[in-house]
Protein chains: 4
Amino acid sequence: MTESPGAREAGVRRNREALLAAAAAVFVEQGVQAPIRDIAGRAGVGLGTVYRHFPNRAELVIAVYRHQIEECVALASALQRESIAPGEALTRWIGAFVEFLVTKHGLGVALQSEDPSLITLHALMLEKLVPACASLIAAGVSAGEIDPSVTAYTLMRAVGNLCILGPGYERAHAQDMVARLLVGCRSAR
Amino acid sequence: MTESPGAREAGVRRNREALLAAAAAVFVEQGVQAPIRDIAGRAGVGLGTVYRHFPNRAELVIAVYRHQIEECVALASALQRESIAPGEALTRWIGAFVEFLVTKHGLGVALQSEDPSLITLHALMLEKLVPACASLIAAGVSAGEIDPSVTAYTLMRAVGNLCILGPGYERAHAQDMVARLLVGCRSAR
Amino acid sequence: MTESPGAREAGVRRNREALLAAAAAVFVEQGVQAPIRDIAGRAGVGLGTVYRHFPNRAELVIAVYRHQIEECVALASALQRESIAPGEALTRWIGAFVEFLVTKHGLGVALQSEDPSLITLHALMLEKLVPACASLIAAGVSAGEIDPSVTAYTLMRAVGNLCILGPGYERAHAQDMVARLLVGCRSAR
Amino acid sequence: MTESPGAREAGVRRNREALLAAAAAVFVEQGVQAPIRDIAGRAGVGLGTVYRHFPNRAELVIAVYRHQIEECVALASALQRESIAPGEALTRWIGAFVEFLVTKHGLGVALQSEDPSLITLHALMLEKLVPACASLIAAGVSAGEIDPSVTAYTLMRAVGNLCILGPGYERAHAQDMVARLLVGCRSAR
DNA sequence: AATGAATGAGGATTCATTCAT
DNA sequence: GATGAATGAATCCTCATTCAT
């Protein structure tokens, strides 16, 4: 009778989070096209529950990644407010982006997919991430540290691609390759 | 009824080649996961004929790309025999590899796929391409032009990834990014 | 906490009526097979509440239409008590029935559906409406105005069918067709 | 070796016809929305075979009914060429249409369905049947036998509706009701 | 009583693969 | 050898219905 009032809501939130965690894990293992049923199974819920929380695959994919995308955006602002060299700011930011991508592998593929169910994710990157990156690049260009012909979208795509991992090409390799790519983006002077 | 004995074999070979051409084209348009039926249709043969020639998708994928992989290998030898700077040789060879990859888009993805049906393709890369690349790198390192910490497999994977194209990230962008990556692979000194 | 004892019951009745109104509206828009959830949403109540009040779809359908069916029955008695020609009484009564059917489109289909979830509605028609109609017909036959071979059930079914509307076949068309059907039911004399 | 050349084609055609027969039967029992699997089962073939022959439900529905629709159209021409009274021609033609409809019950519903998968069937009726009927009506109007305010589309819809059968409302009842409707369509004079 | 989250059966559709001709 | 018809597993998604709170 005297029930904690939010017991239900708590359960719902727990389910939602179990789903997000399960989805993230399954995406890592099978990619973002994994069967919805697998995600339901991993989360320990019924198939319908997935659809209740996320009416289609795209919603789920976005929910899985939106938070981290927004953290990346916030980091870009923070770095620009610090008193560090713009080139260094870009390097650190890309480092964080890489960290994000290699943690959720599968996202590298998803971010650049032409799959109609994932356009929204792609759009999210375009809207949020690309401007953040562009602003860091602009600062670096002004400081004479970054080659002015580097564009944010291309760089993000390239970094995204470099973060598609596989056996024998792990996180550290991706980090190394991205670092070298950034060397190649420095101002030719 | 009374056919010249070689007529049959000629027809078989012609079919095989039509299939390889069709598969290459379809892979470019739809990726290596395209429905087998589409390939049969494009080649103007029956579905069963595809399976007769290539018992599974991997065989077909490999057959499609083996020739070009071998050309790449041959090019590496040729470049080493020429009297050009080893760094330049590596650059040219990677350029040719990029050319190969962006022409067959879909292959970038395939090359690093963990998909069981494509492991053989991956193995082929390991066996043939990696040694060729390693030898060019070794020469560059000896000449003090290439950073000794660069490994062939990682570089090939990275280049392969950078060649996964999409709308807004086309051939020229990939070429640019690969060039910058190579800048970052030069000897630090 | 301390509610007046009847407050609860009043709320229950209000819910029940909101549901009937919502169901009627949704049946018009989507037919009697509309998702129960849509009805709950339209009524502004939870899904469970629908099931509490109406354990299955048939109960709900019947509840929605029973009142109007009974009005039709009452009208038949009233018309017979008036001093008008029996044929005219039948015509007017069928007119009212048509009005009922076309206002609730979806009912036309429901009335004659073999769908097990709707048999009860069909039974209701049989029990109530058919006798009412039969009595009007009998009077018309006695007066020599109606063809004695016309049976109530068949006529009701026919009228019900004629009232299944659709684009290009609207209320006025149904009324016209029903009128012509009644012309064909007049005594051949 | 010496196979009858058309053995395969014959089997295919037999399958196709088995499917049409099965579909017709299942449509009668369950309506045109019956599960495709039921049709496959009734025809004794796999599910995929249905889709091979008829890529979607609409194709199947149309295939089932097209032939008879065209026969109806042909009959209209034939009747007009005969030297019978136009009103009689219309009556006979409608009689044939009724015969068609009651034989395939389920079609009555389908013909006037707003279901997007059945628009083509509806379109077929509009294109073929309505003009045929209109021409018979026009002749009847010219001869002073048919009420000029009767339109072909409305009449066809009405007849279609009257042919939606059910328990207690069988073929003979539909025929009777249609006959009475036609009486009501005669010239008022 | 009311709620709405969870469940899972049901039905459509696609496509790899087999095999009789 | 070639063909393509047939098959059915796999997957998506919807919705009726139950039940804990």
Side-chain angles (χ1 to χ4, degrees), chain A residues 1-16 19 33-38 40 43-53 55-57 117, chain B residues 3 7-9 11-12 15-16 33-38 40-41 44-53 55-57 117, chain C residues 3 7-9 11-12 15-16 33-38 40-41 43-53 55-57 117, chain D residues 1-16 19 33-40 43-53 55-57 117:
Chain A
M1 290 293 154
T2 318
E3 295 151 7
S4 78
R8 176 101 54 103
E9 286 84 0
V12 172
R13 193 164 321 118
R14 215 172 314 121
N15 253 350
R16 189 189 153 85
L19 274 170
Q33 301 300 346
I36 298 287
R37 187 181 297 275
D38 288 8
V45 304
L47 190 47
T49 304
V50 184
Y51 282 99
R52 154 173 294 273
H53 285 280
N56 52 54
R57 180 188 301 279
S117 80
Chain B
E3 294 158 4
R8 176 85 57 97
E9 284 146 35
V12 172
N15 260 350
R16 190 186 156 85
Q33 302 300 346
I36 298 288
R37 185 179 298 274
D38 288 8
V45 304
L47 235 189
T49 304
V50 183
Y51 280 94
R52 161 167 299 276
H53 283 280
N56 53 54
R57 182 186 300 275
S117 79
Chain C
E3 294 160 3
R8 177 85 57 99
E9 284 145 35
V12 172
N15 260 350
R16 190 188 156 83
Q33 301 300 345
I36 298 287
R37 186 178 297 274
D38 287 9
V45 304
L47 233 188
T49 305
V50 184
Y51 280 95
R52 163 167 297 274
H53 284 279
N56 53 55
R57 183 185 300 278
S117 78
Chain D
M1 293 295 154
T2 318
E3 295 150 8
S4 80
R8 178 102 53 103
E9 285 84 1
V12 172
R13 193 165 319 120
R14 217 173 311 122
N15 253 349
R16 190 190 154 86
L19 274 170
Q33 300 301 345
I36 298 288
R37 187 181 298 276
D38 288 8
I39 295 166
V45 304
L47 192 44
T49 304
V50 184
Y51 282 97
R52 153 172 296 274
H53 284 280
N56 52 55
R57 181 187 302 278
S117 78

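Not measured: the values here are computed from a predicted model. A note on names: the letters A, B, ... follow the listed sequences, proteins ahead of strands, and every chain is numbered from 1.
The CG-C1' distance, from Asn56(B) to dT17(E), rounds to 11 Å in whole Å. Here dA10(F) presents its P atom at 18 Å from OH of Tyr51(D), a figure rounded to the nearest Å. Put simply, CD on Gln33(B) is 12 Å from C1' on dC15(E), counting in whole angstrom units. Remark: C1' of dG10(E) and CD1 of Ile39(D) are 15 Å apart, rounded to the nearest angstrom. When rounded to the nearest whole Å, the span between CG of Asp38(B) and P of dC15(E) equals 8 Å. In this entry the distance linking CZ of Arg57(A) with P of dC13(F) reads 7 Å, nearest Å.
Every residue two or more places apart in sequence or in another chain was checked for a side chain to side chain contact (heavy atoms under 4.5 Å, CB included) with Arg52(C), and none qualifies. Residues forming a side chain to side chain contact (heavy atoms under 4.5 Å, CB included) with Pro35(C) (at least two apart in sequence, or on another chain): Gln30(C), Asp38(C). Applying the side chain to side chain contact (heavy atoms under 4.5 Å, CB included) criterion to Leu47(C), with sequence neighbours excluded, gives Ile36(C), Arg37(C), Tyr51(C).
Phosphate contact (OP1/OP2 of dA12(E), side-chain N/O of Arg37(D), threshold under 4.0 Å): absent.
The two atoms that bring Gly46(A) and Ala40(A) nearest to each other are O-CB, 3.8 Å, heavy atoms only.
Looking only at side-chain heavy atoms (C-beta outward), His53(B) and Thr49(B) come within less than 4.5 Å of each other.
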Kindly give the atom pairs (protein nitrogen or oxygen, nucleotide nitrogen or oxygen) under 3.5 Å for nucleotides 1-3 of chain E.
from: dA1(E); atom 1: OP2; to: Arg52(C); atom 2: NH1; distance (Å): 3.4
from: dA2(E); atom 1: OP1; to: Asn15(C); atom 2: ND2; distance (Å): 2.7
from: dT3(E); atom 1: OP2; to: Gly46(C); atom 2: N; distance (Å): 3.0
from: dT3(E); atom 1: OP2; to: Thr49(C); atom 2: OG1; distance (Å): 2.5
from: dT3(E); atom 1: O2; to: Arg8(A); atom 2: NH1; distance (Å): 3.3
from: dT3(E); atom 1: O2; to: Arg8(A); atom 2: NH2; distance (Å): 3.1

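Nearest-nucleotide assignment on DNA chain F puts the 5′-proximal partner with Ala34(A), out of Ile36(C) and Ala34(A).
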Problem set entry | Base-pair map of DNA chain E as dot-bracket, where | denotes pairing with a different strand and pairs are Watson-Crick or G-U under 3.5 Å | .||||||||||||||||||||
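With dC15(E), dT18(E), dT17(F) as the choices, the nucleotide that has an atom nearest any side-chain atom of Pro35(B) turns out to be dC15(E).
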